[in-house]
Participant: 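To start, I am sharing the structure in question, which I have written as structure tokens.
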Amino acid sequence: MAPPPAPSHGSTITLDINGEQHTLAVDHRTTLLDALRERLDLIGTKKGCDQGQCGACTVLLDGRRAVACLQLAVAAEGRTVTTVEGLADGGQLHPVQQAFLDLDGLQCGYCTPGQICSAVAVIEEHAAGWPSAVTGDVRPEAGPPPLTAEEIRERMSGNLCRCSAYVSIVQAVARAAAARAGAGDTADAPEITGTTAAAAAAAVKKAAA
């Protein structure tokens, strides 16, 4: 009796990354992080701890943040992957990217792509009314909680910055959230600490009047 065939250790997969289809053969053990960096040359996503603890490799999977070092590439097939390279609209930076530049929310820059991807998801999660560990009223009917500095710090706590640019990162997330809330031109937005995105939007509108 012939022995059973040896199990296959690889597959050919197609990944939807930043709106483009990429077909490649991968070992089943290949992480999404390694597929992005080593196979597709999308090196904006950084390899930090490789253990899911630092957030440097954060990408968006179907719009929700995920650490790419703990996500197998084969498990990402059929899902929409967005990396930091896919956030800008042509030559127009994403509002989060622009806020990080305007408010100097970086130093060495290594963690910045993961910080930005995480911030994009944080703003959408907050707008959808998702609570965090520091949210006081978690009832669905309460709506989104005030996006205070404490809320931003808690929601961004999975992303570490070894240069400690946290103050500017919080301000950048708050400014981008204010832009999403309808503040319009936020070039003169105040540096936001301990306030809400809605209040920031109102302050920007008042300044522009």
Side-chain angles (χ1 to χ4, degrees), residues 1-90 93-94 96-97 100 105-133 152-163 165 169 173 176:
M1 182 176 178
S8 172
H9 296 294
S11 296
T12 298
I13 61 174
T14 299
L15 298 177
D16 181 350
I17 304 172
N18 300 330
E20 297 183 5
Q21 302 291 314
H22 299 269
T23 299
L24 63 161
V26 296
D27 186 289
H28 290 156
R29 298 163 294 182
T30 301
T31 64
L32 178 59
L33 174 59
D34 285 340
L36 291 171
R37 291 182 56 83
E38 308 299 334
R39 303 295 305 280
L40 300 175
D41 202 30
L42 292 169
I43 57 175
T45 305
K46 303 304 184 188
K47 178 175 284 195
C49 65
D50 217 20
Q51 297 179 353
Q53 296 180 356
C54 74
C57 66
T58 302
V59 298
L60 304 179
L61 282 178
D62 296 332
R64 297 180 63 174
R65 49 189 166 154
V67 284
C69 70
L70 298 185
Q71 176 79 29
L72 293 176
V74 292
E77 188 170 28
R79 305 182 69 180
T80 300
V81 181
T82 304
T83 70
V84 69
E85 292 94 341
L87 292 177
D89 183 7
L93 291 178
H94 188 283
V96 172
Q97 293 174 307
F100 267 71
L106 64 150
Q107 289 190 36
C108 80
Y110 194 84
C111 74
T112 306
Q115 297 273 3
I116 288 173
C117 285
S118 188
V120 170
V122 160
I123 292 169
E124 294 305 316
E125 291 165 9
H126 171 261
W130 293 16
S132 78
I152 294 172
R153 292 188 187 102
E154 171 60 31
R155 293 168 186 264
M156 291 289 294
S157 61
N159 291 80
L160 304 181
C161 174
R162 304 192 191 283
C163 301
I169 289 170
V173 175

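No experiment lies behind these values; they were computed from the predicted model shown.
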Participant: Would you say the side chain of Arg162 lies within less than 4.5 Å of the side chain of Cys54, judging by non-hydrogen atoms?
Facilitator: yes

Participant: Tell me whether Arg39 contacts the main-chain N or O of Ala25 through its side chain, where contact means a donor paired with an acceptor under 3.5 Å.
Facilitator: yes

Participant: Could you check Ile152 against Val122 for side chain to side chain contact (heavy atoms under 4.5 Å, CB included), going step by step and ending with a plain yes or no?
Facilitator: CA-CA 8 Å; Ile152 294 172; Val122 160; 5.8 Å; no

Participant: Please report the closest heavy-atom contact between Leu61 and Leu32, naming both atoms and the distance.
Facilitator: CD2-CD2, 4.2 Å

Participant: Check whether any side-chain N or O of Asn159 sits under 3.5 Å from a backbone N or O of Cys111 as a donor-acceptor pair, and report yes or no.
Facilitator: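 Not at all, since once roles are kept as given, no pair shorter than 3.5 Å links the two residues.
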
Participant: What distance do Thr31 atom OG1 and Lys47 atom NZ have between them, rounded to the nearest 0.5 Å?
Facilitator: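 Taking OG1 in Thr31 and NZ in Lys47, the distance rounds to 6.0 Å.
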
Participant: Could you list the residues that satisfy side chain to side chain contact (heavy atoms under 4.5 Å, CB included) with Ala127, not counting sequence neighbours?
Facilitator: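 Ala127: side chain to side chain contact (heavy atoms under 4.5 Å, CB included) contacts with Arg180.
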
Participant: Closer than 3.5 angstrom, by distance alone: can the side chain of His94 be matched with the main-chain N or O of Ala88 as a donor-acceptor pair?
Facilitator: no

Participant: Sequence neighbours excluded, which residues qualify as side chain to side chain contact (heavy atoms under 4.5 Å, CB included) partners of Arg64?
Facilitator: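 Per chain and number, Arg64 pairs via side chain to side chain contact (heavy atoms under 4.5 Å, CB included) with Trp130.
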
Participant: Got a sec, which residues hit side-chain hydrogen bond (donor to acceptor under 3.5 Å, both in side chains) with Thr82, two or more places apart in sequence or on another chain?
Facilitator: none

Participant: Checking Leu70 now: which residues fulfil side chain to side chain contact (heavy atoms under 4.5 Å, CB included) with it, not counting sequence neighbours?
Facilitator: Val67

Participant: Looking at Cys161, is its backbone amide N or carbonyl O close enough to the side chain of Tyr110 to form a donor-acceptor pair, meaning the two atoms are under 3.5 Å apart?
Facilitator: no

Participant: Quick one: list whatever passes salt bridge (charged side-chain N to carboxylate O under 4.0 Å, His left out) with Arg29, sequence neighbours left out.
Facilitator: Asp27

Participant: Grab the two heavy atoms, one from Gly105 and one from Ala165, that are nearest each other, plus how far apart they are.
Facilitator: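 Nearest pair, atom of Gly105 first, then Ala165: C-CB, 4.3 Å.
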
Participant: Roughly how far apart are Met156 CE and Thr58 OG1, rounded to 0.5 Å?
Facilitator: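 Met156 CE to Thr58 OG1: 8.0 Å, rounded to 0.5 Å.
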
Participant: Where do Glu154 and Ser132 come nearest, in terms of heavy atoms and distance?
Facilitator: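 Looking at all heavy atoms of both residues, the closest pair is CG-OG, 3.8 Å.
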
Participant: Closest heavy-atom contact between Ile116 and Gln97?
Facilitator: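 Nearest heavy atoms, Ile116 then Gln97: CG2-CG, 3.9 Å.
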
Participant: Just grab all the salt bridge (Lys or Arg N to Asp or Glu O under 4.0 Å) pairs involving residues 65-89, residues at least two apart or on different chains.
Facilitator: Asp62-Arg79, Arg65-Glu125

Participant: List for me each residue that meets side chain to side chain contact (heavy atoms under 4.5 Å, CB included) alongside Ile17, sequence neighbours excluded, and say none if there are none.
Facilitator: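 Result, side chain to side chain contact (heavy atoms under 4.5 Å, CB included) vs Ile17: Leu15, His22, Leu36, Leu40, Leu42, Val81, Thr83.
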
Participant: Would you please name every residue forming a side-chain hydrogen bond (donor to acceptor under 3.5 Å, both in side chains) with Thr12, sequence neighbours left out?
Facilitator: none

Participant: Under the side-chain hydrogen bond (donor to acceptor under 3.5 Å, both in side chains) test, which residues partner Thr112, sequence neighbours left out?
Facilitator: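 With neighbours one apart ignored, the set is empty.
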
Participant: Could you tell me which non-hydrogen atom of Gln53 sits nearest to which non-hydrogen atom of Leu160, and how far apart they are?
Facilitator: O-CD1, 3.9 Å

Participant: Test of understanding: with side-chain hydrogen bond (donor to acceptor under 3.5 Å, both in side chains), list the residues that count as partners of Lys46, not counting sequence neighbours.
Facilitator: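 Expected list: none.
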
Participant: If you measure from CG on Asp34 to OG1 on Thr45, what distance do you get to the nearest 0.5 Å?
Facilitator: 11.5 Å

Participant: I need the minimum non-hydrogen distance between Asp50 and Cys69, along with the two atoms involved.
Facilitator: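 Distance-wise, the nearest heavy atoms are OD1-CB, 3.4 Å.
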
